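Computed from a predicted model, the values in this text were never measured in an experiment. By convention in this document, chain letters (A, B, ...) are assigned in the order of the sequence lines, proteins followed by strands, and residues within each chain are numbered from 1.
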2 protein chains.
Amino acid sequence: MQDNITKIFKAIADPKRREIFHALIIASSALSITQICGQFSISRQGVTKHIKTLEEAGLVTISSQGRERFCMADAQPLKQVSEWMKFYEKFWDGALDNLGAYLDES
Amino acid sequence: MQDNITKIFKAIADPKRREIFHALIIASSALSITQICGQFSISRQGVTKHIKTLEEAGLVTISSQGRERFCMADAQPLKQVSEWMKFYEKFWDGALDNLGAYLDES
DNA sequence: AAATTAAGCAACCAAAAAGTTGCGTAATAG
DNA sequence: CTATTACGCAACTTTTTGGTTGCTTAATTT
């Protein structure tokens, strides 16, 4: 499909997916699909699709128990985003000065 | 359209746009649309559209000079991404321990 | 055993996104 | 003045995305 970091970026680019991810992060336990549905105004299948996207990005892990599928957020992949951004931080504010710093270190 | 941070996320979610942004960041001067085109295998209009998306996210600023439009990257909006991520950093590695830290500070 | 519940799958739909081509126009070069 | 260049605009195509509904299956309840 697309490379890993693109999957992560795309996953968090959607506001509803960010909401779902957030809900899972702050949940005290893993949540089933139905439990997640309860918090949002979209259909179960809609939620399922978002969860799948998040899962493929590694931002959600799922463990099946009986007929239920419990979802847990995993923030780890966001490290990759952080890594990606590290390069560009040099260019925040007073781009020219920091560009100098960048050139120095290379 | 959509809120500001979503625009930023969406802008950088596309790999070609990340490439263009990168090319602009490391360029020693502002680049015209045509100059940017030279580095990528899509049509000029394709580039123009990507530039527009980046511009709307605040990641590119444009100054017109005669018939040319010179583009410059601005990394500043990425700060917002960094801000957004700050919350989730607590949950990297050993989620449980860090969750404790999060609960303490709230 | 029958009814209910949790969820997957597939098909479908509408809107957005990524990209193209064609044409017009204003600035610059010859 | 003419030719060329840099670009915007508009229309159009294809893919992707966000979302839906209907149906099925497998676990649970009652």
Side-chain angles (χ1 to χ4, degrees), chain A residues 1-24 27 29-73, chain B residues 1-24 27 29-73:
Chain A
M1 210 243 268
Q2 43 200 1
D3 65 42
N4 212 263
I5 194 147
T6 300
K7 279 186 200 167
I8 300 168
F9 276 128
K10 290 215 167 153
I12 59 176
D14 183 84
K16 209 149 288 173
R17 235 146 28 215
R18 285 201 303 278
E19 281 183 55
I20 293 175
F21 178 69
H22 190 82
L24 287 173
S29 65
L31 299 182
S32 72
I33 301 286
T34 311
Q35 284 174 324
I36 298 167
C37 282
Q39 305 187 37
F40 301 94
S41 55
I42 54 173
S43 70
R44 181 174 53 82
Q45 280 313 312
V47 169
T48 297
K49 280 196 176 182
H50 282 312
I51 289 290
K52 200 185 163 196
T53 310
L54 288 165
E55 195 195 4
E56 278 166 1
L59 290 162
V60 159
T61 54
I62 302 179
S63 71
S64 295
Q65 275 168 58
R67 67 185 157 175
E68 281 164 298
R69 287 174 18 101
F70 290 98
C71 305
M72 260 189 39
Chain B
M1 208 243 270
Q2 43 201 1
D3 66 43
N4 213 263
I5 193 147
T6 300
K7 279 187 201 166
I8 299 168
F9 275 129
K10 291 215 167 152
I12 60 178
D14 183 86
K16 209 148 290 174
R17 231 139 40 208
R18 284 201 304 279
E19 281 183 57
I20 293 175
F21 178 69
H22 191 80
L24 287 174
S29 64
L31 299 182
S32 73
I33 302 286
T34 310
Q35 284 173 325
I36 297 167
C37 280
Q39 307 187 33
F40 301 95
S41 54
I42 54 174
S43 71
R44 180 175 55 86
Q45 279 315 311
V47 169
T48 298
K49 279 197 177 183
H50 282 312
I51 289 290
K52 200 185 164 198
T53 311
L54 288 164
E55 195 196 5
E56 278 166 0
L59 290 162
V60 159
T61 54
I62 303 179
S63 72
S64 295
Q65 275 167 56
R67 65 183 160 179
E68 282 164 296
R69 286 172 21 99
F70 290 99
C71 306
M72 262 191 34

Side chain of [X]: nearest nucleotide among [options]?
| X | options | result |
| --- | --- | --- |
| A:Arg44 | D:dA6, D:dG19, C:dA7 | C:dA7 |
| B:Gln45 | D:dA10, C:dA7, C:dC23 | D:dA10 |
| B:Ile33 | D:dC7, C:dA7, C:dA17 | D:dC7 |

Strictly below 4.0 Å: does [X] bring a side-chain N or O up to OP1 or OP2 of [N]?
| X | N | result |
| --- | --- | --- |
| A:Ser32 | C:dA6 | no |
| B:Arg17 | C:dA18 | yes |
| A:Lys10 | D:dT17 | yes |
| A:Lys16 | D:dG19 | yes |
| B:His50 | C:dA17 | no |

Length of the [atom1]-[atom2] vector between [X] and [N], whole Å:
| X | N | atom1 | atom2 | answer |
| --- | --- | --- | --- | --- |
| A:Glu56 | D:dG18 | CD | P | 12 Å |
| B:Phe70 | D:dC7 | CZ | C1' | 12 Å |
| B:Leu54 | C:dA17 | CG | P | 13 Å |
| B:Asp14 | C:dA16 | CG | P | 18 Å |
| B:Lys49 | C:dA17 | NZ | C1' | 8 Å |
| B:Lys7 | C:dA16 | NZ | P | 14 Å |
| A:Gln35 | C:dA7 | CD | C1' | 13 Å |
| A:Ile36 | C:dA6 | CD1 | P | 13 Å |

For a side-chain contact (heavy atoms from CB on, under 4.5 Å) check, start with the C-alpha distance between A:Ile20 and A:Phe40, then their side-chain angles and the critical distance, and finish with the verdict. CA-CA 8 Å; A:Ile20 293 175; A:Phe40 301 94; 3.8 Å; yes

Is [X] touching bases, backbone alone, or none of the nucleic acid, heavy atoms closer than 4.0 Å?
| X | answer |
| --- | --- |
| B:Thr48 | sugar-phosphate |
| B:Gly66 | sugar-phosphate |
| B:Glu68 | sugar-phosphate |
| A:Thr53 | nothing |

More 5' along DNA chain D: A:Gln65 or A:Ser41, using each one's nearest nucleotide?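 Result of the comparison: A:Ser41.
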
Could you walk me through whether A:Phe21 and A:His50 satisfy the side-chain contact (heavy atoms from CB on, under 4.5 Å) test, starting with their C-alpha distance in whole Å, then the side-chain angles of each, then the deciding distance to 0.1 Å, before giving a yes or no? CA-CA 9 Å; A:Phe21 178 69; A:His50 282 312; over 6 Å; no

Using the side-chain contact (heavy atoms from CB on, under 4.5 Å) rule, take A:Cys71 and A:Thr61 through it: C-alpha gap first, then chi angles, then the decisive distance, then the call. CA-CA 6 Å; A:Cys71 305; A:Thr61 54; over 6 Å; no

Residue that, paired with A:Ile51, satisfies side chain to side chain contact (heavy atoms under 4.5 Å, CB included) out of A:Val47, A:Thr53, A:Thr48: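 So the option named by the test is A:Val47.
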
With hydrogens left out and only the distance checked, is there a donor-acceptor pair under 3.5 Å joining B:Arg67's side chain and the base of C:dA27?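 Yes, a donor-acceptor pair under 3.5 Å.
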
Working to the nearest 0.5 Å, report the span between CE of B:Met72 and CD1 of B:Ile62.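 Between atom CE of B:Met72 and atom CD1 of B:Ile62 there are 11.5 Å.
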
CD1/A:Ile8 to CG/A:Asn4 distance, rounded to the nearest 0.5 angstrom?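 Between A:Ile8 CD1 and A:Asn4 CG, I get 4.5 Å after rounding to 0.5 Å.
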
